[in-house]
Amino acid sequence: MSDKQRLLSAMPAVDEVLRSTSGTSWLKTYPRRYVLQAIRETIESTRQAILKGEINELVMEEMFHSIEARAQALSDLSLKNVINATGTVIHTNLGRSILTGDVLDNVKRIACGYSNLEYDIPGGKRGKRYSHVQKLIRDITGAEAGLIVNNNAAAVLVCLAALAQGKEVIVSRGELVEIGGSFRIPDVMSSSGAVLREVGTTNKTHIQDYERAICDKTALLLKVHQSNYRMIGFTKAVELDELVALGRKHNVPVMFDLGSGCLVDLKPYGINIEPTVQSIVKTGCDIVSFSGDKLLGGPQGGVIVGKQSLIEKISRNPLMRAVRIDKLTLAAFESVLMKYLDEETAKNEIPTLRMLLQKTEDIRQRAEKIKAAADAVLPDTVKVTLMEDSSQSGGGALPEIEFPTFVVAIKPDGISVNKLEERLRLGSPCIIARIKDETLILDARTIQDSEIEAVAAGLKNAAT
Ligand SMILES: *Cc1c(COP(=O)(O)O)cnc(C)c1O
């Protein structure tokens, strides 16, 4: 018998491996299907290696090791936590807003049992899903009524379908925006069955442009927040109150797609450009829509607030069923909105607001802790410095605002900065950092206190 044949005949059978002590313990940890796949694949690759003459001795221990690693990799959950060291608070790729434990406790409470989701307990009859957040939405925004759907894209779609299907919606050419993830106003418009009537020019739209376009086919005047895009120079947009007055005059409702939708006044923080939802409602704007997981800091959702009669009309549209939110999201919303009854509570307890509004001094202190933890584990040849920098809000919100921050800048030794970034990204936990001027930047704004140790451990593994 040749060496190859001898090795091949010594290979264990799948069943044998499965019945071994290791096999039994894998079955307790990983799904049976993936254990089997790992065994089969490992046996096959070993067989190939033997045939190619790459192996001249069969080490069972190595094979078992390889099977376990494969089973583990196959069973790894795809959706995992990452440490956001980019400083971008509402990072769409990293899940936008994060929620706190107490909000999740409420989600768990509702998820693990039956609930009155669509049941009217006092009446003993069928109830409404949206009733649970009505009072909160009214109390917080000042609007007559509200709804929450799957996301703001869905909110805009369902509003257009309900209020303007087969009719015209007037929009300024300066507001026909595309925001990330292929949400484009003209496309949403055509999907809803409404007809886009563009007015004005790219840089300037006047109230007369809207007025001239109003006819018996007009169903809605729509204003769209420009989100992550700004025009500067020779520009003119119509103020919302002018548009509302025009709508009144012609008996046409006015809708504002506010995008982010901020519920607290940011002026005390020097941020003058983002109107609150409350101030928009106060202008008399008939319908306002905004995201749940941008500046609001809640779960993914699209909030629609406005006049009772229009909200009722929207809630009767067949699309509502397709874009309705689930009970888990609703439970999270109720908890997050509850925090907004007191502005200080909202700013302290909603992570998105807390991270955006935290004092630079507090960020500096956290950056110092990160630097100290990094210094303690990294060799002296790796240069670690504390630097001032600026971070971004993200999520299309407040694009022109630079938030002063403190970062830990790392210049690796022996490996490139790109390699360091990659290793941090591929590590466990995964750390997402940015690169600037040949240094790796860890922004302390979005690194949580509880993650500092993990960041240091990740750096130690990646840099050496
Ligand atoms: C973000 C945004 C949307 C889409 O909101 P999602 O909640 O991401 O669906 C729509 N319009 C504007 C102006 C936005 O900024």
Side-chain angles (χ1 to χ4, degrees), residues 88-99 133 137 146-161 163-164 169 171-192 194 196 205 220-231 237-238 240 243 254-263 266 271 273-277 280 285 287-306 314 319-320 322-326 329-330 332-333 336-337 350 352 356 392-401:
T88 301
V89 177
I90 310 169
H91 200 306
T92 296
N93 300 151
L94 305 184
R96 285 197 184 159
S97 287
I98 61 175
L99 303 176
V133 283
I137 289 179
L147 290 170
I148 307 179
V149 295
N150 184 51
N151 55 17
N152 189 35
V156 175
L157 179 70
V158 72
C159 288
L160 292 175
L163 305 178
V169 178
V171 189
S172 157
R173 289 195 168 92
E175 295 172 5
L176 292 175
V177 295
E178 168 177 324
I179 59 152
S182 71
F183 176 92
R184 309 172 108 191
I185 291 296
D187 297 347
V188 175
M189 193 77 72
S190 59
S191 307
S192 74
L196 172 63
T205 302
L220 195 66
L221 305 179
L222 175 66
K223 199 169 169 58
V224 182
H225 193 289
Q226 287 174 330
S227 206
N228 48 11
Y229 143 83
R230 287 292 175 270
M231 283 193 302
V238 171
L240 183 63
L243 205 58
V254 176
M255 170 173 168
F256 195 172
D257 169 13
L258 202 45
S260 213
C262 187
L263 292 171
L266 299 178
I271 302 166
I273 45 133
E274 192 63 31
T276 59
V277 173
I280 301 293
C285 186
I287 290 290
V288 186
S289 79
F290 50 97
S291 286
D293 52 354
K294 291 185 182 171
L295 279 176
L296 194 151
Q300 180 188 305
V303 187
I304 308 169
V305 304
I314 295 164
L319 266 182
M320 274 302 286
V323 299
R324 76 180 187 186
I325 53 165
D326 71 303
T329 309
L330 198 57
F333 257 110
V336 173
L337 288 176
I350 295 175
T352 296
L356 276 175
Q392 288 182 328
S393 149
L398 315 171
E400 63 269 74
I401 308 271

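We count ligands from 1, going down the list as the structure has it; atoms in each ligand are counted the same way.
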S.K.: Are L398 and L295 close enough that some pair of their side-chain heavy atoms sits under 4.5 Å apart?
M.R.: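 L398 reaches L295 side chain to side chain.
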
S.K.: So, for L243 and L221, which heavy atoms are closest and what is the spacing to 0.1 Å?
M.R.: O-CD1, 3.9 Å

S.K.: List ligand 1 atoms under 4.0 Å from F183, heavy atoms only on the residue side.
M.R.: 10 (C), 11 (N)

S.K.: Go through ligand 1 atom by atom and flag the ones less than 4.0 Å from a non-hydrogen atom of I179.
M.R.: 1 (C), 2 (C), 3 (C), 4 (C), 10 (C), 14 (C)

S.K.: Taking the side chain as C-beta and beyond, is there a heavy-atom pair between Y229 and P399 under 4.5 Å?
M.R.: no

S.K.: Below 4.0 Å from any atom of ligand 1, is there a heavy atom belonging to R184?
M.R.: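 Heavy atoms of R184 never come under 4.0 Å of ligand 1.
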
S.K.: Which is closest to atom 15 (O) of ligand 1 in terms of heavy atoms, H225, E178, K294?
M.R.: K294

S.K.: Does CZ in R184 sit with more than 12 non-hydrogen atoms of other residues, nucleotides or ligands closer than 6.0 Å?
M.R.: no

S.K.: When you measure from atom 11 (N) of ligand 1 to every protein heavy atom, which one gives the shortest distance, and what is it?
M.R.: D257 OD2, 2.7 Å

S.K.: So is Q300 in contact with ligand 1, going by heavy-atom distances below 4.0 Å?
M.R.: no

S.K.: Check this for me - ligand 1, D293, N or O atoms closer than 3.5 angstrom, yes or no?
M.R.: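 It does not: no N or O of D293 is found under 3.5 Å from an N or O of ligand 1.
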
S.K.: M189 and side chain to side chain contact (heavy atoms under 4.5 Å, CB included): which single residue from L176, L157, L196 fits?
M.R.: L196

S.K.: Looking at atom 7 (O) of ligand 1, what's its closest protein heavy atom, distance included?
M.R.: S291 OG, 2.6 Å

S.K.: With a 4.5 Å limit on heavy-atom distance, are the side chains of V133 and V303 in contact?
M.R.: no

S.K.: List every atom of ligand 1 that sits less than 4.0 Å from any heavy atom of S227, numbering the atoms from 1 in the order shown and giving each element.
M.R.: 14 (C), 15 (O)

S.K.: How far is atom 10 (C) of ligand 1 from its nearest protein heavy atom, and which residue and atom name does that atom have?
M.R.: N152 ND2, 3.1 Å

S.K.: A side-chain contact here means heavy atoms from C-beta on lying under 4.5 Å apart; do C285 and L240 qualify?
M.R.: yes

S.K.: So E175 and T205, do their side chains get closer than 4.5 Å, heavy atoms only?
M.R.: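 T205 vs E175: side chains apart.
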
S.K.: Please confirm whether R96 comes within less than 3.5 Å of ligand 1 when only nitrogen or oxygen atoms on both sides are compared.
M.R.: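 Looking only at distances, the answer is yes, because the N/O contact criterion of under 3.5 Å is met.
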
S.K.: Provide the number and element of each atom of ligand 1 under 4.0 Å from a heavy atom of A153.
M.R.: 4 (C), 5 (O), 6 (P), 9 (O)

